[in-house]
Amino acid sequence: MKNHEIAKILEEVAIYLEMEDEIVFKVRAYENAAVSLASLAEDVEEVYKKGGIGALQEIPGIGKGLAEKIEEYLKTGKIQFYEDLKKKVPVDVSSLKRIESLGPKKIKVLYKKLKIKNVEDLEKAAKAGKIRVLEGFGKKTEQNILKGIEFMKKSRGRFTIFEVESVVREIERQLKPVKGIEKLIVAGSYRRRKETIGDIDILVVSKNPGIVMDAFTSMKNVAAVYGKGNTKSTVRLKEGIDADLRVVPATSFGAALNYFTGSKDHNIALRKIALENGLKLNEYGLFHGTKQIAGATEEDVYRALGLHYIEPELRENTGEIEAGGKTRLPKLIGYSDLKGDLQLQTNWTDGSHSIEAMALAAKKAGLEYILITDHTKSLAMTGGLDEKKLKKQGEEIGKINRKLDGITVLKGAEVNIMKDGSLDIDDRALKELDIVGASIHSNFNMPRADITKRTLAAMENPNVDILFHPTGRILNKRKPFDIDIEQIINVAKSTGTVLEINSLQRLDLKDEHIRMAIKAGVKLCIDSDAHTPSHFSALQVGIAQARRGWAEKKDIINAWPLEKMKKMLK
DNA sequence: GCCGTTTTCGGCCCGACTGTTTTCAGTCG
């Protein structure tokens with residue numbers, strides 16, 4: 001699928017145009033088109049094949065001009081307009097822009113004055129103190145740039161589970177049809193559903209490793225082959241991540257899957273138990289002397305060790321093995337247990353689709369109810385709603401509910417928590433809503449005590465039911481703000497405030513916080529934060545995160561039927 | 001460059017914050 005490739009080019013064009021002082025609306029048109037393409041469920045190439053340039057123009061945000069450019073890309077593999085921009089200013093704009101505090105204008109100055117083309121050049125110049133003397137820059141900016149680079153480096157090498165998901169899909173698409181592959185499963189931290197993943201571990205059962213390895217090393221997204229043998233091969237993929245493939249016999253599949261799923265600490269603990277019982281556990285099986293007593297399935301291996309089956313999401317050696325011996329393992333919330341979604345945006349603010357379209361998409365995703373939570377007025381860039389518009393939206397929702405079947409739309413909002421802890425919508429208007437979520441969108445750098453106090457103030461408002469993305473982080477992009485999560489959990493308990501597990505790009509709360517909250521008896525919800533219909537798929541990752549936090553159905557309020565869920569709210 | 005059940009031309013989300021300045025450009029959301 002070329003949707004993301006093209007989206008990335010359009011994003012870069014937008015940066016270039018902004019550098020060139022192009023009118024802001026044109027820049028935005030490119031940005032919008034990029035978002036639209038990236039979130040498009042269908043393959044843009046298929047769209048074009050079926051309906052030509054006219055069908056491309058049916059995609060929201062794509063008009064005549066961009067449709068032609070997309071056609072050019074599909075036909076020739078490049079867009080000349082973009083190539084020319086890149087030639088004129090040969091700068092890695094998308095990497096540089098990813099550094100906080102750097103935008104198109106600053107990138108332009110850095111290139112013009114210091115010939116900075118990439119992050120490496122930038123770091124050198126910043127360390128040499130060359131940036132602070134530039135006009136419009138200063139000491140503080142230079143420090144911020146270095147901090148930004150530091151953060152970028154730390155997250156380099158690990159990919160978010162969202163990024164890896166599409167790479168895994170692509171690998172499966174290419175390998176599943178290969179003859180001789182009896183079983184294929186992606187193990188490793190991907191299978192444990194960790195929020196970030198270092199490399200992709202693929203396990204295959206086959207009697208014909210040669211064919212499998214040939215297919216693996218010649219996949220079209222392979223950039224380099226590091227090693228190729230009969231049981232193990234390693235490649236670097238064009239997406240920038242490494243992938244390992246191992247072929248094992250069917251009799252060892254369970255043991256191998258267990259071994260390669262990890263975590264390492266979990267495996268070490270299992271091997272210890274084996275040793276205590278006079279057994280030996282390795283990737284080929286559980287052995288008594290030279291005799292294999294288990295190994296074909298993971299269930300066999302756990303059973304033979306005297307344990308209950310432990311779900312991959314729990315395998316971090318943080319108590320699951322002790323619990324597995326005493327049947328104290330949680331009955332984790334299932335991947336199809338959600339009945340509702342309590343945060344999503346529509347085209348009333350920064351979402352791309354109407355309330356009705358989102359409701360229909362939610363129904364298709366298997367949900368029974370959704371809460372509309374458009375932004376509120378102080379978030380001006382999204383066109384946040386004021387009291388009047390909220391009321392109007394409520395009326396609209398009423399109409400839609402009368403029209404739709406099988407899905408209930410609830411009235412809500414994502415209310416902004418201001419610097420002083422007040423909300424930007426008055427209580428009278430909040431009372432009219434079914435459910436209110438509150439969250440922080442500005443002043444992230446407040447000291448711990450202040451930002452905690454600010455959040456607690458919002459939670460203590462009797463109209464606020466849910467605290468959305470409680471720590472403000474975005475995976476690999478923005479650090480959480482310095483907030484006292486224990487205190488948040490305590491007050492969530494005493495005020496009956498629900499804490500959110502926000503799925504889309506955030507995974508906030510994170511797994512250990514989820515576990516802390518559950519232990520304290522706090523209720524949680526898993527939300528998509530969808531801005532477009534395809535975003536509902538993020539719920540699966542949110543559920544995974546909840547499972548990593550040992551969450552059961554009883555802990556997650558939107559896994560409950562609507563009436564029961566409503567009853568527990570403030 | 002996109003878009004249209006008020007429009008095929010003339011609109012298109014804009015306020016807060018930061019760090020630089022001494023009145024504001026750039027960035028972020």
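All values below were derived from every heavy atom in this structure, side-chain atoms included, with hydrogens, water molecules and symmetry-related copies excluded. Quick note on labels: first sequence line is chain A, next is B, and so on, each numbered from 1.
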Atom-to-atom span, [atom1] of [X] to [atom2] of [N] - whole angstrom:
{"X": "A:Lys64", "N": "B:dT8", "atom1": "NZ", "atom2": "P", "answer": "19 Å"}
{"X": "A:Arg132", "N": "B:dT21", "atom1": "CZ", "atom2": "P", "answer": "13 Å"}
{"X": "A:Gln57", "N": "B:dG4", "atom1": "CD", "atom2": "C1'", "answer": "15 Å"}
{"X": "A:Ile59", "N": "B:dG1", "atom1": "CD1", "atom2": "P", "answer": "17 Å"}
{"X": "A:Leu134", "N": "B:dA25", "atom1": "CG", "atom2": "P", "answer": "18 Å"}
{"X": "A:Ile23", "N": "B:dC2", "atom1": "CD1", "atom2": "P", "answer": "12 Å"}
{"X": "A:Asn416", "N": "B:dC28", "atom1": "CG", "atom2": "P", "answer": "18 Å"}
{"X": "A:His375", "N": "B:dG15", "atom1": "NE2", "atom2": "P", "answer": "17 Å"}

Legend entry - Residue-phosphate contact under 4.0 Å: A:Asn144 side-chain N/O, B:dT18 OP1/OP2: no
Inset, instruction - Look at the side-chain N and O atoms of A:Asn443 and state whether any lies under 4.0 Å from the OP1 or OP2 oxygen of B:dC17. - result: yes
The side chain of [X] is closest to which nucleotide in this list: [options]?
{"X": "A:Thr141", "options": "B:dT27, B:dG1, B:dT20", "value": "B:dT20"}
{"X": "A:His441", "options": "B:dG29, B:dG1, B:dG19", "value": "B:dG29"}
{"X": "A:Lys69", "options": "B:dG1, B:dT27, B:dG29", "value": "B:dG1"}
{"X": "A:Lys106", "options": "B:dG26, B:dG29, B:dG1", "value": "B:dG26"}
{"X": "A:Lys105", "options": "B:dC14, B:dT27, B:dC2", "value": "B:dT27"}
{"X": "A:Arg478", "options": "B:dC2, B:dG29, B:dC12", "value": "B:dG29"}
{"X": "A:Lys140", "options": "B:dG1, B:dC17, B:dG19", "value": "B:dG19"}

Can you check the distance between [N] and [M], where both ends of the measurement are the [atom1] atom (answer in whole Å)?
{"N": "B:dT20", "M": "B:dT27", "atom1": "P", "answer": "13 Å"}
{"N": "B:dC17", "M": "B:dC12", "atom1": "C1'", "answer": "24 Å"}
{"N": "B:dC14", "M": "B:dT8", "atom1": "P", "answer": "22 Å"}
{"N": "B:dA25", "M": "B:dT21", "atom1": "C1'", "answer": "10 Å"}
{"N": "B:dG11", "M": "B:dA16", "atom1": "P", "answer": "25 Å"}

Inset, instruction - Please determine which of A:Lys431, A:Lys392, A:Lys377 meets the salt bridge (Lys or Arg N to Asp or Glu O under 4.0 Å) test together with A:Glu387. - result: A:Lys377
Legend entry - Candidate list A:Arg473, A:Lys510, A:Arg506, test salt bridge (Lys or Arg N to Asp or Glu O under 4.0 Å), partner A:Glu195, passing option: A:Arg473
Inset, instruction - Could you tell me whether A:Asp21 and A:Lys105 have a side-chain N and a carboxylate O separated by less than 4.0 Å? - result: yes
Legend entry - Under-4.0 Å salt bridge between A:Arg28 and A:Glu22: no
Inset, instruction - To the nearest 0.5 Å, tell me how far A:Glu500 CD sits from A:Thr471 OG1. - result: 11.0 Å
Inset, instruction - Measure the CZ-CD1 distance between A:Arg454 and A:Ile417 for me, rounded to the nearest 0.5 Å. - result: 7.0 Å
Inset, instruction - Scan A:Ser101 against the nucleic acid and name what it touches under 4.0 Å (heavy atoms): base, sugar-phosphate only, or nothing. - result: sugar-phosphate
Legend entry - Pairwise 5' ranking along DNA chain B for A:Asn445 and A:Lys26, keeping only the more 5' one: A:Lys26
Legend entry - First of A:Arg28 and A:Gly63 reached from the 5' end of DNA chain B, by closest nucleotide: A:Gly63
Inset, instruction - Just name whichever nucleotide pairs with B:dT8, Watson-Crick or G-U, keeping both distances under 3.5 Å, else none. - result: none
